[in-house]
Amino acid sequence: MSLLNDLININLSDTTEKIIAEYIWIGGSGMDLRSKARTLPGPVTDPAKLPKWNYDGSSTGQAPGEDSEVILYPQAIFKDPFRKGNNILVMCDAYTPAGEPIPTNKRFNAAKIFSNPAIAAEEPWFGIEQEYTLLQKDINWPLGWPVGGFPGPQGPYYCGVGADKSFGRDIVDSHYKACLYAGINISGINGEVMPGQWEFQVGPAIGISAGDEVWVARYILERIAEIAGVVVSFDPKPIPGDWNGAGAHTNYSTKSMRNDGGFAVIKKAIEKLGLRHKEHIAAYGEGNERRLTGRHETADINTFSWGVANRGASVRVGRDTEKDGKGYFEDRRPASNMDPYVVTSMVAETTIIWKP
């Protein structure tokens with residue numbers, strides 16, 4: 001094993017200019033991350049200078065077998081925390097050979113929305129709180145839970161410390177540092193309310209970069225959990241009953257909200273979100289109705305509400321924002337398995353350019 005580790009940790013730049021680029025994309029389910037690697041002649045920092053590539057879409061549920069080629073367009077580059085050196089991770093989106101975005105390519109439409117001059121001028125900032133659950137590999141039961149049984153009730157686990165309260169911290173800390181190494185604007189981590197459940201936060205990130213960074217952070221998490229022999233679940237309610245679900249609370253502000261008088265702009269934006277509640281809920285993740293029950297720090301899925309410092313509301317405004325008269329708000333409705341390209345672009349479109 002030590003020889004294997006030595007080989008994995010070879011520094012390529014000692015002997016060659018060549019680098020390895022790991023191309024990452026989203027598969028047919030909308031949540032299954034895929035990747036494959038290729039050798040490039042030298043370091044690259046601009047996605048536009050990377051070659052397009054292709055893959056077999058019939059094996060990812062994204063193309064028929066008789067016409068299976070799907071084309072990858074490189075969109076964002078991150079440093080590779082696994083191979084290190086000049087090696088890179090490349091977030092891509094997917095197109096037909098004719099150049100049309102395939103149906104599961106949600107980035108394409110999001111990029112169009114964020115390039116709208118009215119939206120770009122507002123510089124939308126996002127901070128996404130990605131919750132997830134670590135599961136024991138062979139039994140799909142949360143890490144730290146007795147096999148076939150349950151731990152003690154919720155209470156001690158949120159931000160908890162100790163072998164009887166915190167499960168998987170080595171994975172979580174490895175992920176935190178790997179994201180910082182990669183260049184992702186990860187702003188923190190914490191243990192969540194249900195044991196075996198954790199959260200990381202990405203942001204503030206502007207526009208389309210929020211989606212790119214969340215997807216690559218998810219990819220890095222999956223890779224680290226793979227090494228540890230643990231399964232990552234983004235299910236919004238992995239354990240039925242009296243246990244917290246998993247969300248992806250989306251914190252949001254525009255330039256107008258961050259400037260003096262911003263609280264009035266925030267209130268107008270929240271009003272617009274309320275008018276489009278059903279449309280947003282439909283796009284905020286699969287199985288979200290199991291999580292948004294009005295219990296466990298959630299609002300009921302059928303009712304839109306907002307309040308200051310209210311974690312049982314659809315949208316929460318922080319005390320600081322109220323006091324300062326400007327700032328940001330938190331959309332608490334998105335599920336942990338939401339697509340950040342869809343959610344961020346939809347929030348921006350509804351609050352900035354949609355006319356009721």
Side-chain angles (χ1 to χ4, degrees), residues 24 26-27 29-35 81-82 89 128-182 184 186-203 213-249 285-288 290-291 296-298 334-340:
I24 302 164
I26 300 154
S29 76
M31 273 305 288
D32 55 321
L33 283 158
R34 312 280 179 139
S35 76
F82 303 102
L89 303 176
I128 294 171
E129 305 173 32
Q130 176 68 69
E131 294 177 348
Y132 60 94
T133 310
L134 297 174
L135 304 176
Q136 301 168 59
K137 191 173 92 169
D138 297 322
I139 56 171
N140 271 359
W141 199 236
L143 206 61
W145 289 36
V147 176
F150 294 87
Q154 294 181 156
Y157 312 107
Y158 171 69
C159 298
V161 180
D164 57 342
K165 303 177 205 72
S166 176
F167 312 107
R169 192 185 294 277
D170 52 348
I171 294 167
V172 173
D173 269 357
S174 301
H175 176 250
Y176 195 176
K177 286 188 172 178
C179 284
L180 285 170
Y181 178 94
I184 291 165
I186 186 169
S187 47
I189 54 109
N190 60 269
E192 263 308 325
V193 177
M194 188 179 87
Q197 199 173 67
W198 293 83
E199 172 183 302
F200 64 87
Q201 301 96 29
V202 169
E213 292 187 25
V214 169
W215 274 116
V216 175
R218 285 173 172 176
Y219 173 83
I220 291 170
L221 179 61
E222 293 271 21
R223 285 281 303 273
I224 290 169
E226 174 191 316
I227 294 163
V230 169
V231 173
V232 178
S233 170
F234 293 106
D235 190 287
K237 188 75 174 179
I239 306 295
D242 201 15
W243 304 97
N244 270 40
H249 302 155
E286 292 293 320
N288 209 9
R290 292 183 281 116
R291 167 180 160 263
H296 305 106
E297 300 180 278
T298 71
S336 49
N337 60 1
M338 63 83 156
D339 187 324

Check: Val232 and Glu226 side chains under 4.5 Å, non-hydrogen atoms: no
Interatomic spacing from CG in Asp173 to CD1 in Ile224 - rounded to 0.5 Å: 10.0 Å
Flag side-chain contact, heavy atom, 4.5 Å: Asp235 against Arg290: yes
Begin with the C-alpha distance, continue with both residues' side-chain angles, and end with the deciding distance and a verdict on side-chain contact (heavy atoms from CB on, under 4.5 Å) for Phe167 and Val230. CA-CA 11 Å; Phe167 312 107; Val230 169; over 6 Å; no
CA sep, side-chain torsions, deciding dist, call: Ser166, Val161, side-chain contact (heavy atoms from CB on, under 4.5 Å): CA-CA 6 Å; Ser166 176; Val161 180; 5.9 Å; no
Evaluate the side-chain proximity of Ile186 to His175: yes if any heavy-atom separation is below 4.5 Å, no if none is. yes
Which heavy-atom pair separates Pro238 from Ser233 by the least distance, and what is that distance? CB-OG, 4.4 Å
Hey, would you say the Trp141 and Phe150 ring centroids sit under 6.0 Å apart? yes
Please round to the nearest 0.5 Å and tell me the distance separating atom CD1 of Ile220 and atom CD of Glu213. 10.0 Å
Rounded to the nearest 0.5 Å, the CZ atom of Phe200 sits from the CD atom of Glu131 at a distance of 11.0 Å
I'd like to check Leu89 versus Pro81 (side-chain heavy atoms, cut-off strictly below 4.5 Å). Are they in contact? yes
Smallest separation among heavy atoms of Ala217 and Ile184, with atom names: N-CD1, 3.7 Å
Under the salt bridge (charged side-chain N to carboxylate O under 4.0 Å, His left out) rule, collect the residues that match up with Asp32, sequence neighbours excluded. Arg34
Check whether Gln130 reaches the backbone of Ser336 with its side chain - one donor and one acceptor, N or O, closer than 3.5 Å. yes
With a cut-off of 6.0 Å (strictly less than), are more than 12 heavy atoms of other residues, nucleotides or ligands near CD of Glu286? no
Working to the nearest 0.5 angstrom, can you tell me the gap between Gln201 CD and His249 NE2? 11.0 Å
Heavy atoms of Gly191 and Tyr158 approach each other most closely as O-CD1, 3.5 Å
Does the plane of the ring in Phe82 sit parallel, tilted or perpendicular to the ring in Tyr219? Use 30° and 60° as the thresholds. perpendicular
Side chains of Trp243 and Pro142: closer than 4.5 Å at any heavy-atom pair? no
Could you tell me if the side chain of Glu222 sits less than 4.5 Å from the side chain of Tyr132, heavy atoms only? no
In terms of heavy-atom contacts, Arg291 and Pro334 come closest through NH1-O, 3.3 Å
Note, Val193 side chain near His296 side chain (heavy atom, < 4.5 Å): no
If I compare all heavy atoms of Gly160 with all of Arg169, which pair ends up nearest, and what's the gap? O-NH2, 3.0 Å
Step by step, work out the side-chain contact (heavy atoms from CB on, under 4.5 Å) result for Leu135 and Leu143. CA-CA 5 Å; Leu135 304 176; Leu143 206 61; over 6 Å; no
Given side chains that start at C-beta, do those of Arg218 and Val214 come closer than 4.5 Å, heavy atoms only? yes
How close do Asn337 and Met31 get, counting heavy atoms only, and between which atoms? O-SD, 3.4 Å
When rounded to the nearest 0.5 Å, the distance separating OH of Tyr176 from OG of Ser187 is 7.0 Å
For Arg223, what residues pass the salt bridge (charged side-chain N to carboxylate O under 4.0 Å, His left out) criterion, not counting sequence neighbours? none
Side chains of Asn244 and Gln154: any donor to acceptor distance under 3.5 Å? yes
When rounded to the nearest 0.5 angstrom, what distance separates CH2 in Trp198 from OG1 in Thr133? 12.0 Å
Residues in side chain to side chain donor-acceptor pair (under 3.5 Å) contact with Glu192, at least two apart in sequence or another chain: Asn190
Where the side chain of Gln197 meets the backbone of Tyr157, is there a donor-acceptor pair that is under 3.5 Å apart? no
What do you reckon, is OH of Tyr181 surrounded by more than 12 foreign heavy atoms closer than 6.0 Å? yes
